[in-house]
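Not measured: the values here are computed from a predicted model. The analysis underlying the following values was restricted to heavy atoms, covering all of them including side chains, and did not include hydrogens, waters or symmetry mates.
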4 protein chains.
Amino acid sequence: MSSNSTTTDKKQAILDAALQLFVNKGFNATSTASIAKAAGVATGTLFHHFPTKNDIMNQVFLAIKQEFADNMVTSTQFSGDIEQDAYTLWQKAIDWAIAQPLKQLFFLQYSMSADIDVMIRKQAMTSILSFVVELIEQGKQQGIIANFPSELLLENCHGQYLAAIRFFTDNPHLGGDKIHRDASFTLFWHAMKAQ
Amino acid sequence: MSSNSTTTDKKQAILDAALQLFVNKGFNATSTASIAKAAGVATGTLFHHFPTKNDIMNQVFLAIKQEFADNMVTSTQFSGDIEQDAYTLWQKAIDWAIAQPLKQLFFLQYSMSADIDVMIRKQAMTSILSFVVELIEQGKQQGIIANFPSELLLENCHGQYLAAIRFFTDNPHLGGDKIHRDASFTLFWHAMKAQ
Amino acid sequence: MSSNSTTTDKKQAILDAALQLFVNKGFNATSTASIAKAAGVATGTLFHHFPTKNDIMNQVFLAIKQEFADNMVTSTQFSGDIEQDAYTLWQKAIDWAIAQPLKQLFFLQYSMSADIDVMIRKQAMTSILSFVVELIEQGKQQGIIANFPSELLLENCHGQYLAAIRFFTDNPHLGGDKIHRDASFTLFWHAMKAQ
Amino acid sequence: MSSNSTTTDKKQAILDAALQLFVNKGFNATSTASIAKAAGVATGTLFHHFPTKNDIMNQVFLAIKQEFADNMVTSTQFSGDIEQDAYTLWQKAIDWAIAQPLKQLFFLQYSMSADIDVMIRKQAMTSILSFVVELIEQGKQQGIIANFPSELLLENCHGQYLAAIRFFTDNPHLGGDKIHRDASFTLFWHAMKAQ
DNA sequence: CATGAATGAGTATTCATTCAT
DNA sequence: TATGAATGAATACTCATTCAT
């Protein structure tokens, strides 16, 4: 157990160090040696846990997307009112981004980067963010969300969310301001809702 | 004149080759040698025109942003009806992206990449895309566009545009389909307009 | 122990190879790749032990100066008679140069070269060759060595020694000839002694 | 004539610029482009006057040695008293070095550097510095200079001179001090004179 | 599992030199 | 002669990855 937790610790330390370096220096300017050093392990150890540097990036990406999805779904009370639920989720999403600045910056930089394998990105979109897809489908069936292709709606969701957190990143003092947060939701919701 | 056009040709050939390679292989997987070879010049020539590889990236970025802005503003008949004008510009923007798949893909990959200097990106947003800012201001004054912070509206614009062209990139057969194109505009406009 | 000696071996092999190449080809005509090849290691190994090519040069320089100083001081019987001791040391110094032609040539080429960091050269002069300084001070106090500034005497020592070994380098057959060796000492000593 | 003097001017400008850069940056850290720029000419012009970069170095070396020799011989009143003449020449040599700090530093750095062709260096030693050789021969014949091999005496001369100017380089405030200048001559002369 | 010395392919950049104008 | 854009060979240094301990 102790050895097991040590292993977990080192693996997690590597992922944490990689996240920080990828965000602050960029993927290519970050050497595996610097990740190992920042994680407090030897370079060889790094390659015991991850076959390649690209794999580290993929794992960081998946872990963050998963953490984001878990945060959204877990302990959320769904009212059944789609707009109400969308509002709740949007606030949660913004909260999460503001609470996790490193992960939020990672989102902004790498959401569409070529440094992450295409398959991994697709996997994240379809399986991890499936709760968004389901919500959109429900909303369309209830005539509350506009009857546009779901894929277009999903991309639009994603695009508006990135735009919102970029705004709050550039204006950190507005992160707690209800008016601006509600404005960002209103923009989003007006786009999505059926009229 | 001949010598001048030769110089221009080589510099332009380097930028063209770089654009194609950056999109297809990624910035880091593209060696300066391969850019020079694709451009039909010697490696030394490349560094005669651009001090560093990063500078090439910056110049490619600025050139495309500028070309996009020129395309949007030039020969556009502004009706004075903000919604009408927004529709015209949105269609033009989608047309441009579909007509220039390489440049569109460059947008998607590098709009937020760390491979472009922060200052260069800011310059592009503020000076080159200033026509969008102006339109938003007018729309707000006329009570047609929602009264939200302009910076938030600008980011939202950008985010929805990227989402739209990502959708049409993934579904090329829908690029000419009026229903989907209008759907993408409707999403965008419903977000922006005052209600 | 075995791993330790392997490490030492590789580092030493690099220094040995560098010495030979620097002397025979010059610092700039010697590529790091050629040093590595001559040392029987990979290019990466070279940079694992020395941060830069210049650092290799500095280490070669310091190692030779130290070896020279060790050779001069170790197992030398000091009689207390300054002239006698000076004679013994001068012969030892010439012997060393003749026995180590590569290191002697290195002395001649690089003693004043800009390829060695100024700080490194100063360090060698002051700390490593301190035994010469002490001898000069003693001789002056005893009224045996001329009462000139010690720094001038030290430079003169150094200059005459380089001149002597250049002479024996150009005339190798005279290296064992007592008359010429004594002549070189006499020149030196007549300069130094009080009259 | 005007074109001729222009040519001379440019050639001289190149040599002047090269001297300054070689001394301050080192031979290899000095690019031909930087020499051309400092000389105020185009890179191509440089190669009209000198076939290679090494040739520039050789010409700088020869020009300085020649200028030094001319300065020593021209307008020197030889008294016939060898010691008196040696004293006069030594003072002149030190004067020249102090008056021409750039050329003096060039001496110190490149007198034995591998950056100058062997043949060129030999030529300088034998033909240009022939007046020193002649003086030594005369002194030996008159029994005033020690009866050691002339080549050894010549090297010793050279070595002591370099040592002296290195001392005055490191202690510029002593350059005009008669005591130290006389000390440097005394060291030199005691070595050379017959006893 | 952990280590870190060793590897060698890969790359941005430099620079002496050429040559068409 | 003078120019400076163009050349492409040369090189110091990096870095993902391996493996013996």
By side chain to side chain donor-acceptor pair (under 3.5 Å) - contacts of [X] (at least two apart):
X: Q104(D); value: T169(D)
X: D70(A); value: Q66(A)
X: D117(A); value: N58(A)
X: T126(B); value: none

Compile the donor-acceptor pairs under 3.5 Å between side chains in residues 19-28 of chain A and protein atoms, sequence neighbours left out, one pair per line.
from, atom 1, to, atom 2, distance (Å)
N24(A), ND2, Q20(A), O, 3.2

Donor-acceptor check, side chain of K53(C) to backbone of T30(C), threshold 3.5 angstrom: yes or no? yes
Write out all pairs satisfying salt bridge (charged side-chain N to carboxylate O under 4.0 Å, His left out) with one or both partners inside residues 100-115 of chain B, taking only residues at least two apart or from two chains. E67(B)-K103(B)
Output the pairing pattern of DNA chain F as a dot-bracket string, 5' first, Watson-Crick or G-U wobble with both distances under 3.5 Å, | for cross-strand pairs, [ ] for crossing pairs. .||||||||||||||||||||
Among residues 36-45 of chain D, which residues get a heavy atom nearer than 4.0 Å to DNA chain F? V41(D), A42(D), T43(D), G44(D), T45(D)
Using heavy atoms to find the nearest nucleotide of DNA chain F for T52(C) and H48(D) separately, return the residue whose nucleotide is more 5′. H48(D)
Note: contacts of residues 22-33 of chain A with DNA chain E (heavy atom, under 4.0 Å) are none
Take atom [atom1] of [X] and atom [atom2] of [N], then tell me their distance rounded to the nearest Å.
X: H49(C); N: dT7(E); atom1: NE2; atom2: C1'; result: 12 Å
X: I56(C); N: dT11(F); atom1: CD1; atom2: C1'; result: 13 Å
X: L46(C); N: dT14(F); atom1: CG; atom2: C1'; result: 13 Å
X: I14(C); N: dA6(E); atom1: CD1; atom2: C1'; result: 11 Å
X: F50(B); N: dA6(F); atom1: CZ; atom2: C1'; result: 15 Å
X: I35(D); N: dG4(F); atom1: CD1; atom2: C1'; result: 17 Å
X: F47(B); N: dA10(F); atom1: CZ; atom2: P; result: 18 Å
X: L21(B); N: dT11(E); atom1: CG; atom2: P; result: 13 Å

When you match K53(D) and K53(B) each to their closest nucleotide on DNA chain E, which lands nearer the 5' end? K53(B)
My understanding is that only residues two or more places apart in sequence, or in another chain, count here; which of them pass ring-ring contact (aromatic ring centres under 6.0 Å, His included) with F47(C)? none
Report yes if at least one side-chain N or O of K10(B) is closer than 4.0 Å to OP1 or OP2 of dT7(F); otherwise report no. yes
Can I get a per-line list of side-chain donor-acceptor pairs under 3.5 Å for residues 33-43 of chain C, giving both atom names and the distance, sequence neighbours left out?
from, atom 1, to, atom 2, distance (Å)
S34(C), OG, S31(C), N, 3.3
S34(C), OG, S31(C), O, 2.7
S34(C), OG, S31(C), OG, 3.4

Under the salt bridge (charged side-chain N to carboxylate O under 4.0 Å, His left out) test, which residues partner K65(D), sequence neighbours left out? none
Between F68(A) and Q100(A), is the side-chain contact (heavy atoms from CB on, under 4.5 Å) condition met? List the steps. CA-CA 10 Å; F68(A) 174 76; Q100(A) 311 269 4; over 6 Å; no
